[in-house]
Number of protein chains: 2
Amino acid sequence: MNGRQSGRPTLEQVAARAGVGRGTVSRVINGSPRVSEQTRTAVARAVAELGYVPNQAARALAGSRTDAIALVIPEAEARLFAEPYFLDLIRGVSAELAEADKQLLLTLVRSEQERQRFEQYLAAQRVDGVLLASVHGDDPLPERIRELGLPVVMNGRRSEAEPVPYVDSDNIGAGRAAVAHLVARGRDRIATVTGPLDMYVARARLGGYRAGLTEAGLPPDEELVSAGDFTEAGGRRAMRLLLDRRPDLDAVFAASDVMAAGALGVLREAGRRVPEDVALVGVDDSPVARLMDPPLTSVRQPIEEMGRTMARMLIQEIQKGSATPEEPRKRVLPTELIVRSSC
Amino acid sequence: MNGRQSGRPTLEQVAARAGVGRGTVSRVINGSPRVSEQTRTAVARAVAELGYVPNQAARALAGSRTDAIALVIPEAEARLFAEPYFLDLIRGVSAELAEADKQLLLTLVRSEQERQRFEQYLAAQRVDGVLLASVHGDDPLPERIRELGLPVVMNGRRSEAEPVPYVDSDNIGAGRAAVAHLVARGRDRIATVTGPLDMYVARARLGGYRAGLTEAGLPPDEELVSAGDFTEAGGRRAMRLLLDRRPDLDAVFAASDVMAAGALGVLREAGRRVPEDVALVGVDDSPVARLMDPPLTSVRQPIEEMGRTMARMLIQEIQKGSATPEEPRKRVLPTELIVRSSC
DNA sequence: GACTAGTGTGGGAGCGCTCCCATCCTTCCG
DNA sequence: CGGAAGGATGGGAGCGCTCCCACACTAGTC
């Protein structure tokens with residue numbers, strides 16, 4: 001508040017006040033060890049007195065790093081997924097970034113046009129790295145970003161053999177755990193409502209379901225498999241189909257809670273009691289599962305932890321400065337069956 | 001990929017290629033009218049050929065604007081609110097910002113420490129303005145930000161007479177609409193489960209409830225009012241209390257869907273049928289409402305539209321450059337009753 | 001036909017940092 | 001006791017833009 005000296009103080013002003021050079025202040029700010037204790041204290045005082053905060057734009061320009069990362073979420077998926085999924089993910093990412101003192105740039109991509117604009121942003125060097133949520137099987141974005149020389153970490157993968165670093169939950173394990181639990185409850189005509197099979201996550205859960213049957217010595221039966229699309233309506237449709245084809249089914253593994261909710265509605269309408277006649281298991285452990293009647297047994301994914309892990313991996317990738325070209329890193333986090341009264 | 005010329009092309013290189021000066025290229029990029037059509041074309045071609053994208057840091061440094069805005073969400077609230085609330089809000093903000101070609105910096109504030117760090121970010125001039133979600137009654141943050149000279153727009157307000165620009169939904173109208181609907185269905189012992197009364201939104205919905213009763217000529221009755229906290233557990237507690245005090249109640253207006261879900265559970269346990277014995281209305285029109293059994297009548301807020309409006313207001317505020325000190329702007333968006341079978 | 005008004009245009013002067021080289025002062029060694 | 005080897009420090013040279021002033025030119029004006 002020094003009269004004419006409007007605007008925020010600069011490095012130079014701090015230097016003047018502390019009676020040292022610009023370089024020295026910069027060193028103190030950035031924690032370089034090559035500064036005497038005495039000088040460090042003097043500078044720290046000047047910083048405090050002036051309320052100095054380094055200008056981010058200048059830093060980015062001179063140092064060519066932004067201390068910001070982008071999280072990209074396709075809008076279509078944001079609507080579709082179990083509601084709190086992305087919020088939990090964001091929460092995890094945000095927490096980890098805050099610890100590393102980095103900024104989170106959130107990008108919801110709505111259209112092809114917006115996707116291209118996003119690539120422009122990247123080229124404008126606004127961020128040091130990119131996190132990608134729910135990438136589809138044929139999405140070239142990860143490769144494009146790498147071409148720009150930016151580190152990427154994805155949430156989920158596009159296929160079994162994903163070349164780009166990713167963090168995923170154990171979707172196969174999820175399917176297996178669900179089936180194993182149903183088998184343990186004495187069910188042996190277990191159907192499944194899958195997600196859209198062009199998504200790896202859906203295929204993985206289906207794969208887990210099949211593995212679970214095999215492990216229990218139950219024969220696979222394609223009539224017991226029906227494809228949904230992660231929406232309630234899709235769940236209803238798939239359930240009706242299943243009931244048509246196999247009225248004798250005694251359990252359903254739905255690849256998401258929302259689809260399970262749809263399935264539950266259809267089962268009710270068909271006069272089946274849950275869990276007495278048909279046992280039901282979902283995936284996500286969303287609030288919906290808790291509030292359903294009966295409360296839904298569901299496989300929980302550690303979403304927030306996935307977010308944290310992604311952020312951690314990305315930061316590491318950024319720091320190593322694309323030097324060591326070591327193995328692309330992959331991480332698969334375990335899921336957990338939350339048992340409630342729907343089975 | 002021109003051999004030695006590593007890194008991204010600069011303004012200067014575009015200028016050289018187009019055979020013009022730096023200033024001219026800058027003018028073309030920024031759409032200044034003072035450029036001949038011919039030059040404009042030549043520059044555009046050079047830009048395209050080189051794949052030039054302006055460096056954001058340099059722009060920010062030279063022009064002292066970042067083309068980014070921050071959206072601040074208190075983490076505590078993020079957990080508490082009806083789940084998709086913030087995602088919808090983000091969606092609206094994001095959409096509007098994308099149109100204006102601005103970046104969204106998302107900040108989840110978890111602790112006092114993080115809040116202070118956030119103020120540092122602001123001081124580092126990373127953003128041109130701030131959007132604040134769910135600010136509490138005694139939160140000094142809006143004023144702090146204004147002191148830094150940054151425009152602010154809030155989602156919701158801290159009190160009836162909020163001095164800072166905000167966008168809110170018509171919470172009073174929400175309460176009134178709910179009560180009016182219940183009255184129209186012949187209910188006259190209408191209880192309410194409120195939110196935490198230190199939040200304006202909770203007080204407003206309660207106020208609407210009371211206004212609705214008055215308008216219907218029903219006497220107010222404090223025994224029919226019980227405070228929840230926007231959680232399911234809080235809804236259950238409040239509902240039990242109400243049932244204790246007034247076993248003869250025939251309708252409940254819960255100030256959120258999640259609390260309504262809690263209330264529904266308690267009502268069931270108490271052997272009341274919904275809607276036959278007790279009619280139920282919630283607020284938010286969240287997915288939970290749709291999936292409940294019976295599906296819940298609920299008052300919808302235009303959350304996404306609130307996000308868009310906030311962003312629009314903020315952008316306007318930024319553009320006018322704190323010149324015209326006109327009235328702080330407030331906007332209250334209408335709510336809508338979505339009737340389902342719970343009443 | 002000299003004079004005023006514009007239009008386009010070029011390029012200098014920063015914006016506030018980081019990087020890095022040169023300098024100075026110690027300290028330690030033979 | 002001279003010289004080598006470091007540690008601490010100052011400050012020049014950018015980073016890639018925007019701003020703005022100066023300088024052509026071109027058209028009009030009396």
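Chain letters run A, B, ... following the sequence lines, proteins first, then strands; residues in each count from 1. All values derive from a computational prediction rather than experimental measurement.
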Contacts of S26(A) and A62(B) projected onto DNA chain C by closest heavy atom; the upstream (5') one is A62(B)
Next on the checklist: Given the structure, check if the side chain of R34(A) and the base of dG6(D) hold any donor-acceptor pair shorter than 3.5 Å.
Outcome noted: no
In whole angstroms, the gap separating P of dT26(D) from CD of Q38(B) amounts to 13 Å
Value for CD (Q103(B)) from CG (D128(B)), rounded to nearest 0.5 Å, stands at 11.5 Å
note: E37(B), atom CD; dG8(C), atom C1'; distance rounded to Å ~ 13 Å
Within the structure, does a side-chain N or O atom of T24(B) lie under 4.0 Å from either OP1 or OP2 of dT9(C)? no
L61(A) CG to dC19(C) C1', in whole Å, measures 13 Å
Non-hydrogen side-chain atoms of V164(A) and R158(A) separated by less than 4.5 Å = yes
note: L11(B), atom CG; dG11(C), atom C1'; distance rounded to Å ~ 12 Å
R27(B) CZ to dT9(C) P, in whole Å, measures 8 Å
_Less than 4.0 angstrom between a side-chain N/O of N30(B) and OP1 or OP2 of dT18(D), yes or no?_
yes
Original post:
Looking only at N and O atoms, is any donor in the side chain of R22(B) or the base of dT18(D) less than 3.5 Å from an acceptor on the other one?
Top reply: yes
Output for pair (M313(A) CE, E96(A) CD), nearest 0.5 Å, gives 12.0 Å
Checklist entry - Got more than 12 heavy atoms from elsewhere within 6.0 Å of CZ, R40(B)? => result yes
### Query
How is S64(B) classified with respect to the nucleic acid when contacts are heavy atoms under 4.0 Å: base, sugar-phosphate, or nothing?
nothing
For Q113(B), I'd like to know if atom CD has over 12 heavy atoms of other residues, nucleotides or ligands within 6.0 Å. no
E12(B) atom CD is separated from dT18(D) atom C1', nearest whole Å, by 13 Å
Residue pair Y52(A)/G23(B) against DNA chain C: nearer the 5' end by closest nucleotide is G23(B)
Report task. Output yes when at least one side-chain N/O atom of S36(B) is less than 4.0 Å from OP1 or OP2 of dT9(C), else no. Result -> yes
Ignoring hydrogens and geometry beyond distance, is the side chain of R8(B) in donor-acceptor contact with the base of dG16(D) at under 3.5 Å?
no
Which of dG8(C), dC17(C), dC17(D) is nearest the side chain of N55(A)? It is dC17(C)
Here the distance between atom P of dC15(C) and atom CZ of R65(B), to the nearest Å, is 18 Å
Rounded to whole Å, the CD1-P distance (I29(A) to dC17(C)) equals 8 Å
